[in-house]
Every structure is written in structure tokens, then in C-alpha cells.
A.B. asks: 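Before I ask anything, here is the structure I am working with.
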Amino acid sequence: MERRQDYWDRVYTDKPSTGCSWYEPYPTLSLDLIMQAAPGKGPVIDIGGGASFLPDRLLEAGFSEVTSLDLSAVALSGVARRLAPFGTRHHVIVADVTAWSPDRHYTVWHDRAALHFLTEAADQARYVAALRSALLPGGIAVIGGFSPDGPLRCSGLPVMRYDSASLCALLGKDFTLLRTVDHLHETPNGTIQAFQFNVFSRKHER
């Protein structure tokens with residue numbers, strides 16, 4: 001079976017990022033949700049962001065640091081070159097979130113269409129463990145993916161579909177749901193995909 005890393009490197013090698021179904025020239029919704037809920041403009045980690053332009057917009061908006069984490073070294077190499085003018089305010093981590101051990105904390109965890117590729121319960125549990133380890137108490141998690149009436153597959157792979165209730169059950173009692181937004185994303189070829197974004201706050205420890 002092809003390794004996850006090899007699969008996603010091939011995806012970003014075989015086509016330009018502007019041709020991928022998840023491409024957004026300006027990630028308005030993600031940016032707005034973070035700007036409205038983030039406690040200050042502290043460090044952000046973008047999980048599975050690939051070649052996303054969200055880090056550019058966050059750095060331009062004054063966030064102190066943004067880290068892009070993705071399986072694909074090919075995608076992240078392009079992001080690193082693009083954001084080189086921001087110097088040490090931008091970082092890249094080539095890693096599988098299900099095997100990643102955070103060595104620092106973040107005030108914002110953003111994930112647009114990464115979690116929904118994790119179809120095995122063990123991988124979902126590892127994802128939540130990484131989230132708990134990385135996000136500061138009081139920090140926010142913005143998680144977007146296909147809604148229950150969204151596609152069953154993406155980029156040739158099966159996906160999970162979530163609503164706010166199923167995400168709350170997955171994340172557990174450490175997280176409080178703040179907001180739910182349904183969103184229709186138009187792909188570069190004109191297909192409409194039903195997404196749902198949920199914003200959570202990590203509870204303070206007692």
C-alpha cells in the first residue's frame with residue numbers, strides 16, 4: 001500500500017495546487033472564523049494545509065507566528081519559498097498529524113479538510129491526542145470538513161463526514177463548541193461541495 005506521504009507528494013507533483021479541489025485563492029471563511037474567535041494574535045498551526053494561502057493572510061493580519069503542518073514535503077516546499085519574506089514568523093513541519101508529537105503550544109489550531117481523511121478510529125484518536133497536546137487552554141480549534149450531505153470521497157480517497165454533534169463526541173469534554181457554519185465550496189472545475197466548519201474553545205484546566 002502506498003504510504004500517505006508518498007500519495008500526497010504525488011498529488012502535489014502531478015497537478016498544480018490551483019487545480020486541486022480544495023484550492024481557495026483567498027480563504028475568507030477560515031480567516032474570518034480565526035479573527036473573530038482567536039484570543040489575541042498568538043501562534044497558529046495549520047493542520048494539513050498543503051499549499052494553502054491561509055498562512056499568508058494570517059501573517060499579513062499580524063499573527064505572531066504561523067506553522068504549516070502537512071504530509072507533503074512537495075506542498076510545503078512551495079509554501080516555504082512563498083513565505084520566506086516573513087522569516088522566522090513562518091515554520092513548516094513535514095509530518096503525519098497522527099504520528100506527530102508537538103514540542104510547543106499554539107493558541108489556534110486550524111484544520112480545513114485534514115481530519116476528514118482519517119477514516120480509522122485509531123487515527124482519529126491520535127489526531128485528538130495531538131490537538132490536546134498542542135492547543136493551549138483557552139485556545140481555539142477551527143475544524144472544517146465535508147458535512148453529512150457532502151461528498152463521500154475526495155482526491156480519490158474515502159472520507160468521514162462530520163456535523164457539530166459528531167465532532168463534539170470525537171473531541172470530548174475538553175472542548176466547548178462556540179460556533180457552527182455551513183459552507184458551500186466551489187472547486188476549480190465548478191463542482192459544489194458541502195462543508196461544515198465548527199469552532200471550539202479548549203477548556204481551562206481546573
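Scope of the values below: all heavy atoms of this structure, side chains included, with no hydrogens, waters or symmetry mates.
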A.B. asks: Please find the pair of heavy atoms, one from Met160 and one from Thr119, that lie closest to each other, and give the distance.
C.D. replies: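 Residues Met160 and Thr119, closest heavy atoms: CG-CA, 3.8 Å.
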
A.B. asks: Just say parallel, tilted or perpendicular for the rings of Trp109 and Trp100, cut-offs at 30° and 60°.
C.D. replies: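 Tilted: the ring planes of Trp109 and Trp100 meet at 30° to 60°.
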
A.B. asks: Rounded to the nearest 0.5 Å, what's the gap from CG on Asp123 to CZ on Phe117? Could you check?
C.D. replies: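 Asp123 atom CG to Phe117 atom CZ measures 13.5 Å (nearest 0.5 Å).
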
A.B. asks: With rounding to the nearest 0.5 angstrom, report the CG to CD distance, Asp149 to Gln193.
C.D. replies: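 Answer for the CG-CD pair, Asp149 versus Gln193, is 12.0 Å.
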
A.B. asks: Could you list all the salt bridge (charged side-chain N to carboxylate O under 4.0 Å, His left out) pairs where at least one residue sits in residues 58-75, not counting sequence neighbours?
C.D. replies: Arg57-Glu60, Glu65-Arg104

A.B. asks: Can you find a pair of side-chain heavy atoms, one from Leu136 and one from Arg202, that are under 4.5 Å apart?
C.D. replies: no

A.B. asks: Quick one: closest heavy-atom pair of Cys154 and Phe146, and the distance?
C.D. replies: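 Closest pair (atom of Cys154, atom of Phe146, distance): CB-CE1, 3.7 Å.
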
A.B. asks: Apply side chain to side chain contact (heavy atoms under 4.5 Å, CB included) to Leu170 and Leu115, showing your working.
C.D. replies: CA-CA 11 Å; Leu170 179 65; Leu115 172 61; 4.0 Å; yes

A.B. asks: Tell me, yes or no, whether the heavy-atom count around Arg179 atom CZ, taken from other residues, nucleotides or ligands under 6.0 Å, exceeds 12.
C.D. replies: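 Not more than 12 within 6.0 Å, no.
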
A.B. asks: Answer yes if Phe86 and Ile34 sit in the same cluster of Ile, Leu, Val, Met, Phe, Trp and Tyr residues linked by side chain heavy atoms under 4.5 Å apart, and no otherwise.
C.D. replies: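 Shared cluster, yes.
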
A.B. asks: State yes or no: do Leu54 and Val199 share one hydrophobic cluster built from I, L, V, M, F, W and Y residues joined by side-chain heavy-atom distances below 4.5 Å, directly or via other members?
C.D. replies: yes

A.B. asks: Quick one: does any side-chain atom of Ser155 pair with a main-chain N or O of Leu157 as donor and acceptor, under 3.5 Å?
C.D. replies: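 Answer holds: no.
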
A.B. asks: Between Asp111 (side chain only) and Ile143 (backbone N and O only), is there a donor and an acceptor less than 3.5 Å apart?
C.D. replies: no

A.B. asks: For Val74 and Tyr12, which heavy atoms make the closest approach, and how far apart are they?
C.D. replies: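 Nearest pair, atom of Val74 first, then Tyr12: CG1-CB, 3.9 Å.
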
A.B. asks: According to salt bridge (charged side-chain N to carboxylate O under 4.0 Å, His left out), does anything in residues 24-48 pair up with another residue at least two apart or in another chain? List the pairs.
C.D. replies: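 The answer is Glu24-Arg112.
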
A.B. asks: How many angstroms lie between CG in Leu167 and CZ in Phe197, if you round to the nearest 0.5 Å?
C.D. replies: 11.5 Å

A.B. asks: Before giving the answer on side chain to side chain contact (heavy atoms under 4.5 Å, CB included), spell out for Arg132 and Phe175 the whole-Å C-alpha distance, their side-chain angles and the decisive distance to 0.1 Å.
C.D. replies: CA-CA 9 Å; Arg132 289 192 181 117; Phe175 294 87; 4.0 Å; yes

A.B. asks: Examine distances only and state if a side-chain atom of Arg161 and a backbone atom of His116 form a donor-acceptor pair shorter than 3.5 Å.
C.D. replies: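 A pair under 3.5 Å: no.
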
A.B. asks: Spell out, as yes or no, whether a donor-acceptor pair under 3.5 Å connects the side chain of Asp9 to the backbone of Ala73.
C.D. replies: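 Pair found, side chain donor or acceptor close to backbone of Ala73.
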
A.B. asks: Do Tyr23 and Phe195 land in one hydrophobic cluster if side-chain heavy atoms of ILVMFWY residues count as linked below 4.5 Å?
C.D. replies: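 The answer is no; the residues belong to distinct hydrophobic clusters.
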
A.B. asks: Hydrogens and angles aside, do Asn198 and Tyr162 bring a side-chain donor and acceptor to less than 3.5 Å of each other?
C.D. replies: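 Absent: no donor and acceptor within the cut-off.
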
A.B. asks: Applying a strict under-4.5 Å side-chain criterion to I, L, V, M, F, W and Y, I'd like to know whether Ile93 and Leu83 cluster together.
C.D. replies: no

A.B. asks: Between atom OG1 of Thr176 and atom NE2 of His204, what is the distance when rounded to the nearest 0.5 Å?
C.D. replies: 10.0 Å

A.B. asks: Taking the side chain as everything from C-beta on, heavy atoms only, tell me whether Cys168 gets closer than 4.5 Å to Phe200.
C.D. replies: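 Cys168 reaches Phe200 side chain to side chain.
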
A.B. asks: Quick one: pull up CD1 in Ile45 and NE2 in His110 and give me the separation to the nearest 0.5 Å.
C.D. replies: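 NE2 of His110 is found 12.0 Å from CD1 of Ile45.
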
A.B. asks: Considering non-hydrogen atoms only, spot the tightest contact between Leu71 and Arg4 and give its length.
C.D. replies: CD1-CB, 3.9 Å

A.B. asks: If I compare all heavy atoms of Ala114 with all of Gly48, which pair ends up nearest, and what's the gap?
C.D. replies: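 Nearest heavy atoms, Ala114 then Gly48: CB-CA, 4.0 Å.
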
A.B. asks: Using 0.5 Å steps for rounding, measure from the OG1 atom of Thr67 to the CG atom of Leu76.
C.D. replies: 10.5 Å

A.B. asks: Could you tell me whether the side chain of Thr98 and the main chain of Tyr127 form a donor-acceptor pair under 3.5 Å?
C.D. replies: no

A.B. asks: Give the cluster check for Trp22 versus Val142: same hydrophobic cluster or not, with ILVMFWY residues linked at side-chain heavy-atom distances below 4.5 Å.
C.D. replies: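 Yes, one cluster joins them.
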
A.B. asks: Can you see which heavy atom on Pro102 is nearest to which on Ala130, and at what distance?
C.D. replies: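 Between these two residues, the closest heavy atoms are CG-O, 3.9 Å.
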
A.B. asks: Donor-acceptor pair, His185 side chain versus Ser21 backbone, under 3.5 Å?
C.D. replies: yes

